[in-house]
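Following: one structure in structure tokens, then a few remarks.
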2 protein chains.
Amino acid sequence: MSAEDSPDAPTPPVTGVRANRRAKSAPTIYDIARLAEVNPSTVSRALSQPGRINIKTEQRIRSAAKQLNYRLNPMARALPTGRTSTIGLLVADITNPMFFTAVRGAERAAAERGYTLVLAESQESGAREAEAAHRVLPSVDALILVVTRLSDEAILELADRKPLVVINRMIDGVSSLVPDVDRGIAQALNHLAELRHTAVAFVAGPETSWMSGARARSLRAQAPGRGMTIVEIGPGAPTLDGGRDALDRVLAADVTAVVAYNDLMAIGLMRAATAQGIAVPGQLSILGFDDIFGSDFTSPPLTTIRIPLGLAGDLAVRRALDMIDADAADTEYSTPDEPPILTELVIRGSVGPAPR
Amino acid sequence: MSAEDSPDAPTPPVTGVRANRRAKSAPTIYDIARLAEVNPSTVSRALSQPGRINIKTEQRIRSAAKQLNYRLNPMARALPTGRTSTIGLLVADITNPMFFTAVRGAERAAAERGYTLVLAESQESGAREAEAAHRVLPSVDALILVVTRLSDEAILELADRKPLVVINRMIDGVSSLVPDVDRGIAQALNHLAELRHTAVAFVAGPETSWMSGARARSLRAQAPGRGMTIVEIGPGAPTLDGGRDALDRVLAADVTAVVAYNDLMAIGLMRAATAQGIAVPGQLSILGFDDIFGSDFTSPPLTTIRIPLGLAGDLAVRRALDMIDADAADTEYSTPDEPPILTELVIRGSVGPAPR
DNA sequence: GCGAGTGTGGCAACCGGTTGACAATAGTTC
DNA sequence: GAACTATTGTCAACCGGTTGCCACACTCGC
């Protein structure tokens, strides 16, 4: 307490920022208890189990809490209960705009239920991602992998420890949130087919990207039925540069249209092509995935398959919270009926009729 | 539940996700202590104060820890020490690309020192921001306000409780990280002056944006000396829509050039102008601030004043960590010598000669 | 008037670390 | 060999909540 004096060091009036901050001792339930003249445990009950306590006592406690401007200490609660009211979010690359759409959805859903997001980036490295995952794991109630470069085994191991939801990757035994790949690819191919493209290249993303592989598989499966051939180019970095670097191989492949792994690559490719005097879509049609921020700024504006990642982020948090609840109630969690995550063809200007 | 649950059975293979997770009891220092045959407090010292313990004992403890795959429980440490190894990041709008540049810089600097970022969005609302700030405050070591809509008083109050760094706003008595406003405005005006613009509009951001006000003031101060007039339009939302909505008033103001509060507004305005058949930069020149992702995708590509926000995020974290250290050592924190955050004129295509 | 049932609130242990105080042991000096 | 210091490890209290268990007071039914 402050009333008691320091025996010999009279703590002189210190200037600067630090001094004020010393007044940081936040009020605790013990302070409330003293003020409301009850036992601390009663305060705890009044605040966290409404109804357990006599309504009059509860109100007395609540007003004391308000008077002291009491804030519960999350860490103190977390220690005995394990509940941290926190969800960890792991992303491979913060600067990919597709990611923040997901984060926004997740943030909203989390804040709505009083949860806070803990963020970690792995910079496209599996090792750093594993490290980050283990760093945040003890202090979160659940983990969401937005774009992961981890191996299936590593993910399963994490899922053993905490509720875990994966976006954009399908793993057996793990709650996965994946847009309908085949439908998206079908939308892409149908659009290209209508415009009479038959020779199509797929510019792949990183090898460790499950989604890139899934799209490649779906393309190979669906192209023949439409009389189309698929040339796979890659793997490459899922960035503007990665797209740009693929141009030579695209040109060498003698195709009239390109499906890029994501919008970033599509835009990189498109800009490289334009810079070389190749007309888009006159000589080369380009189609992306995601519909990221800025994809309608390009010229021509990018035709793309929109992935509703905000929805995915939102759903991921809801699932995570449900899993947390199921854990707490010691009941089985089962994936709820949810609307599927449906892709949508956004026709803009980067895909045109095949040159003849 | 299908599993037989005889108490001594060697945990039969139970189906379902929950069952596995029950094995979540993480090893503690008590487990290590038992294995290494020392007292738990010795384990604590060995792990967190290398050298305090006999080197042989320490190594025995470390290998026991490794063997058990021990992870320190951050909450348990945080409770007595107050150190959470966590920095809170508050942003007004996650979907503004300028923000994630800053986050990336912050994330890197934080991860480097073993710190984790806690993220909260306030959706451009001061009230929600205050709420979010108080929610995360107890569980972070420091707070960084990337783009804040809080009042000065609210910020000062937060700064009293925890180390706090503000980006893009100058507040007396608070560690502020602000790019050189006057220099940026000078760069903008010089560029416009060279192209013989004399009537310029400033499309302002939100009223609560300190930076918008600062730019407006600097414009008013610097324009006359260059023989220019400034019309201020706004305030408006710092978004694509906000920029679009300003078009009518820009046209009514009879100017040849526009300086927008940020790139988002600049792009929104430019697209609205183009849609109305107004040539950019033929009839109207547009200049933005930030150099966000995508600002070079537009047609014409956006001329803008680049703010190195990645650097700002990085510096903010470093400062925050230094303040935390200073607090721990009970020493005075003083702002270090840092390179100033210098803006840079990025000339692209949205500013041209004034029509005559 | 008595026992059972219910509502209320206190006691104390616990979560997993940290740390000041101190005891035990080892090492040094005279 | 005694006195003294340095090193090493132990004990126990503490951080701020949560919760099982229990005591007490009161109501109700018979």
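Basis for what follows: all heavy atoms, side chains included, without hydrogens, waters or symmetry-related copies.
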Item to complete: Tell me whether the OP1 or OP2 atom of C:dG17 has a side-chain N or O from B:Ser44 closer than 4.0 Å.
Response: no

Discussion item. Testing the 3.5 Å rule here: is there a donor-acceptor pair between the side chains of A:Arg135 and B:Thr116?
Written reply: yes

Discussion item. Tell me if a side-chain donor or acceptor on A:Thr42 pairs with a main-chain N or O of A:Val38 at a distance below 3.5 Å.
Written reply: no

Response to the item:
Only residue of A:Leu315, A:Val166, A:Leu145, A:Val146 satisfying side chain to side chain contact (heavy atoms under 4.5 Å, CB included) with A:Leu177 is A:Leu315

Worksheet item: Between the two end axes of the helix from C:dG1-D:dC30 to C:dC30-D:dG1, each built from 5 base pairs, what angle do you get to the nearest 10°?
Response: 40°

Discussion item. Before you tell me yes or no, could you show the steps for A:Arg319 and A:Asp322 under salt bridge (charged side-chain N to carboxylate O under 4.0 Å, His left out), namely the whole-Å CA-CA distance, both residues' side-chain angles and the distance that decides it to 0.1 Å?
Written reply: CA-CA 5 Å; A:Arg319 278 200 191 177; A:Asp322 286 348; over 6 Å; no

Worksheet item: Using a distance-only test with no angle check, is there a side-chain donor-acceptor pair under 3.5 angstrom linking A:Asp141 and A:Thr84?
Response: yes

Worksheet item: Is B:Asp93 salt-bridged to B:Arg149, going by a charged N under 4.0 Å from an acidic O?
Response: no

Worksheet entry | With A:Glu37 via salt bridge (Lys or Arg N to Asp or Glu O under 4.0 Å) - residues at least two apart | none

Worksheet item: What does nucleotides 8-16 of chain C look like as a protein-contact string, B for base, S for sugar-phosphate only, - for none, at under 4.0 angstrom between heavy atoms?
Response: BBBBB--BB

Discussion item. Within the structure provided, determine whether B:Leu158 and B:Leu150 are in side-chain contact (heavy-atom separation under 4.5 Å).
Written reply: yes

Worksheet item: Within this structure, what is the CD-to-P distance between B:Gln49 and D:dT8, rounded to whole angstrom?
Response: 13 Å

